[in-house]
Amino acid sequence: MALLGGGLLCLLLVNTILAAGAFKITALQQGNIALAQREQQLQAQIAAQEAPSALAERARALGMVAPPLVHFIDLKTGRIISQPRRVPGVPSIPGYTP
């Protein structure tokens, strides 16, 4: 009878320890889900701040301006070629002359 009682007591102890471990695992998994969602939010914020329009806006806020005229050097002739300031109706792209 004592052996059976001791066996049941050990079984109860092991079961209690396993249940506590299961609760701890569940809590850690829920915390992991919350951290993964936070990481995704932060990555989305970084992507939004790295967008060219956002960078240009922050540069303007700091007082930076785009150069009005881009110059290129023709390595074969040694001449300096300047890009026109603006052509009406055509977007200004560095390195492209319409």
Side-chain angles (χ1 to χ4, degrees):
M1 187 73 140
L3 187 59
L4 182 63
L8 287 175
L9 191 59
C10 287
L11 185 61
L12 179 63
L13 181 65
V14 167
N15 192 15
T16 305
I17 291 172
L18 290 177
F23 283 124
K24 186 178 275 189
I25 288 173
T26 303
L28 290 173
Q29 286 174 341
Q30 289 174 350
N32 194 19
I33 290 170
L35 290 174
Q37 289 173 348
R38 178 70 175 144
E39 180 185 11
Q40 287 177 350
Q41 290 173 349
L42 291 174
Q43 286 178 347
Q45 287 177 355
I46 289 171
Q49 291 177 359
E50 287 178 343
S53 60
L55 290 175
E57 183 61 34
R58 286 200 313 259
R60 278 192 294 277
L62 290 172
M64 298 174 128
V65 294
L69 193 59
V70 179
H71 302 286
F72 298 96
I73 298 177
D74 186 353
L75 296 178
K76 291 181 183 176
T77 63
R79 290 182 47 210
I80 297 176
I81 303 168
S82 297
Q83 179 185 10
R85 288 184 178 254
R86 297 253 186 243
V87 177
V90 177
S92 176
I93 300 171
Y96 172 73
T97 304

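Residues: numbered from 1 along the sequence shown.
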Can I get a per-line list of side-chain donor-acceptor pairs under 3.5 Å for residues 27-35, giving both atom names and the distance, sequence neighbours left out?
none

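Applying the side-chain hydrogen bond (donor to acceptor under 3.5 Å, both in side chains) criterion to T16, with sequence neighbours excluded, gives no partner residue. Contacts of N15 classified as side-chain hydrogen bond (donor to acceptor under 3.5 Å, both in side chains), with partners at least two apart in sequence or in another chain: none.
Sequence neighbours left out, not one pair with a member in residues 24-53 passes salt bridge (charged side-chain N to carboxylate O under 4.0 Å, His left out). For residues 52-65, every residue pair satisfying the salt bridge (charged side-chain N to carboxylate O under 4.0 Å, His left out) rule, not counting sequence neighbours, is listed here: E57-R60.
The CG atom of L8 sits 12.5 Å away from the CG atom of L13 when rounded to the nearest 0.5 Å.
In this structure, L12 stands alone, with no Ile, Leu, Val, Met, Phe, Trp or Tyr side-chain heavy atom under 4.5 Å from its own, directly or through other members.
When all heavy atoms of A48 and A54 are compared, the pair lying nearest together is O-CB, 3.5 Å.
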